[in-house]
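Step one of this worksheet: look at the structure below.
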Amino acid sequence: MLNAVGSTQAALAYLRAEEVSISPHRVDMGEGQPGEMREAVLELRNWGDNPVRIYGGTSDCSCVATQ
């Protein structure tokens with residue numbers, strides 16, 4: 001099966017029937033100071049045949065998760 005889909009990530013996405021995946025699943029930014037900016041890089045992957053538009057974000061504990 002791995003040869004048919006090309007990678008371990010692709011095989012897992014196929015078995016889970018995931019059209020879109022994100023990696024890592026969870027990011028711990030630690031404790032910060034008021035006004036401090038932190039950055040994290042996430043990988044979104046479209047495993048489906050159709051284009052996907054990602055929009056929005058969340059806020060939690062007085063922080064903004066997206067610009």
Side-chain angles (χ1 to χ4, degrees):
M1 175 198 228
L2 186 56
N3 289 336
V5 293
S7 71
T8 304
Q9 278 187 310
L12 285 173
Y14 175 80
L15 291 172
R16 295 175 179 160
E18 292 177 337
E19 295 271 331
V20 176
S21 63
I22 186 169
S23 180
H25 293 279
R26 200 172 275 158
V27 177
D28 182 354
M29 301 298 284
E31 291 186 27
Q33 301 299 315
E36 179 181 3
M37 294 185 72
R38 296 200 179 179
E39 187 174 307
V41 176
L42 304 173
E43 179 183 26
L44 292 168
R45 180 152 305 173
N46 179 4
W47 299 104
D49 295 328
N50 298 313
V52 176
R53 183 179 301 222
I54 308 294
Y55 63 94
T58 60
S59 292
D60 190 12
C61 63
S62 300
C63 66
V64 177
T66 60
Q67 289 184 336

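Please read all numbers here as calculations on a predicted model, not as lab measurements. Along the sequence shown, the residues carry numbers beginning at 1.
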Determine all donor-acceptor pairs shorter than 3.5 Å in which one atom belongs to a side chain in residues 16-24; sequence neighbours excluded.
unit_1, atom_1, unit_2, atom_2, d
Ser21, OG, Trp47, NE1, 2.7

Task: Ile54 CD1 to Asn46 CG distance, which is reported to the nearest 0.5 Å - done: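 It comes to 8.0 Å.
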Task: Sequence-distant partners of Arg26, salt bridge (Lys or Arg N to Asp or Glu O under 4.0 Å), two or more places apart - done: none
TODO: Using salt bridge (Lys or Arg N to Asp or Glu O under 4.0 Å) as the criterion, list what pairs up with Glu31, not counting sequence neighbours.
DONE: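 For Glu31 there are no salt bridge (Lys or Arg N to Asp or Glu O under 4.0 Å) partners, ignoring immediate neighbours.
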TODO: Please collect all salt bridge (charged side-chain N to carboxylate O under 4.0 Å, His left out) contacts where either partner lies in residues 38-52, sequence neighbours excluded, each pair once.
DONE: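 Non-adjacent pairs meeting salt bridge (charged side-chain N to carboxylate O under 4.0 Å, His left out): Glu36-Arg38, Glu43-Arg45.
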Open item on the list: If hydrophobic clusters are built from ILVMFWY residues whose side chains come within less than 4.5 Å, do Met37 and Val41 share one?
Closed with: no
